[in-house]
Amino acid sequence: MKTLPLFAALLATTTAPALAEQAPLDLVGPIAEYKLYVSENTDVLVEETRAFTEAVKAGEIEKAKALFAPTRLSYERIEPVAELFADLDAPIDARADDYEQAEADPEFTGFHRLEYALWVEGKTDHVTEIADKLQADIEELARRIDSLTFPPAVVVGGASVLMEEVAATKISGEEDRYSRTDLWDFHGNFDGAWKIVELFAPHVEDEAFLNSVEGNFDKVRDTLGKYREGEGFVSYEHLSDEDRRRLSALVNTLAEDLSTLRGRLGLI
Amino acid sequence: MSEMNESRRALLKGLGLGLATCPFALGAARAETAQVTAAPQQGAASAEDRVSPYGLHQPGIATNRPAWGMVASFDAIVDTPADLERLLRRLTERIRFLTSGGAVPELDPKLPPADSGILGPVLRPDALTITLGLGASLFERHPWLAPHRPAQLARMTSFPNDALDADQCHGDIALQICANTQDTIIHALRDILKNLPDQLVLRWKQEGNVPVIAPQPPGVVESARNFLGFRDGSANPDPADAALMERVLWVQGPGWAAGGSYMAVRVIRNFVERWDRAPLLEQERIMGRTKVTGAPLDHPTGSEADTPEYAADPAGDLTPLDSHIRLANPRDAGGERHLMLRRPFNYSNGVTRSGQLDQGLLFIAYQASLNEGFIAAQTRLNGEPLEEYIKPVGGGYFFAPPGFSNAPDDYLGRQLIDAIGRTPSKT
Ligand code: HEM
Ligand SMILES: [Cu+2]
């Protein structure tokens, strides 16, 4: 994923942990809870990535394909935190068009490079090093997150960051273009955003705002619910134009609304 | 009628103050020259130019075309008549604000600002007009809306020379946004996107402009040139002729659509490198006019305001029978019912994969009858020699509803909502 300018600017001047800003007292609780949520997801991510990369290395194509989308789910939920570490987010999650030579670019690694090997190239013997690197990057990410003091503004801002992600690159189906598992990613992003809203809503006074945000999350759930299949979702290709339009409008509206969340909580 | 009088008064006032950019003010000295598509003159436009958003008809149709214009097309998220009313009311609110100008609201700096800020803290009207068009898909999607579809509104179909790109076609709603400067039209679009994210999803947009020419002596008006280097708009019907406008532009009653107009939008690529390699005489024979002055070929030393006389040239010795202007308007008996008002802009988008310039014409035409106007003209133009140099790639047909008044509760599209006869429960 592209690192958003805010984080880029922050990272340019300092390393992430030093961003820590004293949380206003009443936000200490929700921030601690969010940290817990992130570390639970990171734990799952490390384990599931191991299973996924091992299947890739063993040449178990069908198994690896089945593990791809569920493994990414935990990553997509915590993407705003993962993105704090641009040096890891890029090799883990960048898409081919982030590179000048697209799929052929030697810099192209991570989930989407393996996705390309599995769905397009139909073989994995040439990507075992990339699988190892993905696992190592994910483990490094987990270590860094573990020792990260969560800056309140980044945590709260994460809700809109997730919506911006969906609005900018996911709604178009660009993210998981080889596997068409984009709806899983949507789901992970919405989950992650909803978690933040849920934790911080008690500290927001504007009822109308909360009702609108909650109503829009409900509508997203209803719309995505139509595309559920087994543990996950059907291929992105099944998303009707009508529902894509609706999801677009919902995501844009949530992005507008959630862009005020930090300010409403007095954070900058 | 009162709104019309109001906007007339505003116009006359503008004239009295000597604002040459005021709609209808230009070209008064030369009735035969089209005013709407006159080339803007340096120093004449001002950020304070205000085109009233109110009137029997929407502005941006018979009002002067300023230097910049855009068509943005959207999908509309609308399930019920109340949703549609809400969309139209909110859009009207933005139009009222943006076209009048004023200070943008200041918010707590911890919040995202209310306005993009690209025009600074105080907006000036800058001749901004925002003209709403409704697409056939909007009407077709809802059983409660289908019976109210304007009679001739249909989804644009492909003509023989078209290579339509689905990503640049159609839409539930189109906004034609015009102003003196590019920043003003971009600002307006961003404002609308920010304020109506739950109901308008952008599909495509194309912006363009027309060249601003050096100041001319009083009363001298020339049509702006397009990217083929020809004056475009010379033969446009005269907007000051109200009776003519009733016939050419405005849908007649009864029905909610009365006072509205059909909007045909076409994104037409010009193969400019190839055109620039065509001999001048051939270019002129393709268009039917001289390149420098725009004079018709049968009055080559005249002016663009001269009328070609095809009856005196039945074999097309002077003006070829297949020239653009002769096919587009043969000026034969009954020809008037095929008239339309063209209000195009030139666009320049970048470079194609073949390394050629991606330039062309954002063709916008308004007419009371889509079938007799644009579709009939385009059908006659099918196969014209100009086709070798142009390729329509996008666009759509829309219906521009009648205007709204400055009464506080009035809004754009109210006639349609009234026709739907929604129970008056407010949202
Ligand atoms: C890139 C495409 C086009 C170019 C470069 C172009 C250019 C011109 C030019 C230079 C003129 C002569 C000046 C004038 O009267 O405005 C003209 C006239 C005209 N054009 Fe086009 N045009 C284009 C497309 C179209 C299309 C798509 C239509 C309608 C289907 C159309 C309809 C007309 C009409 C009705 C006239 C006036 C003819 C008359 O009344 O004498 N044009 N055009
Ligand atoms: Cu991602």
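The sequence lines fix the lettering, A, B, ..., with proteins before strands; numbering per chain opens at 1. When reading the values below, keep in mind they use all heavy atoms of this one structure, side chains included, and skip hydrogens, waters and symmetry mates.
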Need one label for B:Asn195: side chain, backbone, both or neither, based on atoms under 4.5 Å from any heavy atom in chain A.
neither
Any chance [atom1] of [X] has more than 12 other-residue heavy atoms, nucleotides or ligands included, within less than 6.0 Å?
X	atom1	result
B:Lys194	NZ	yes
A:Arg228	CZ	yes
A:Gln101	CD	yes

With a 4.5 Å heavy-atom cut-off (strictly below), which parts of residues 70-77 of chain B touch chain A? List them by number.
B:Asp75, B:Ile77
Hey, which residues of residues 108-124 of chain B are touching chain A, say heavy atoms under 4.5 Å apart?
B:Lys110, B:Leu111, B:Pro112
Enumerate by number any residue of residues 190-210 of chain A whose heavy atoms lie under 4.5 Å from heavy atoms of chain B; in the absence of such residues, state 'none'.
none
Could you pull out the closest heavy-atom pair between B:Pro197 and A:Thr253, with the gap in Å?
C-OG1, 3.4 Å
To the nearest 0.5 Å, tell me how far A:Ser248 OG sits from B:Arg203 CZ.
11.5 Å
Nearest 0.5 Å, please: how far is CG in B:Leu200 from CG in A:Asn252?
10.5 Å
Mind ranking B:Val201, B:Leu107, B:Leu193 by heavy-atom pairs under 4.5 Å with chain A and telling me who comes out on top?
B:Val201
Can you pull out every side-chain hydrogen bond (donor to acceptor under 3.5 Å, both in side chains) where at least one residue sits in residues 130-143 of chain B? Sequence neighbours excluded, please.
B:Thr131-B:Gln176, B:Ser137-B:Asp172, B:Arg141-B:Asp172
Whether B:Asp79 and A:Arg246 form a salt bridge (side-chain N of Lys/Arg under 4.0 Å from carboxylate O of Asp/Glu) is what I want to check.
yes
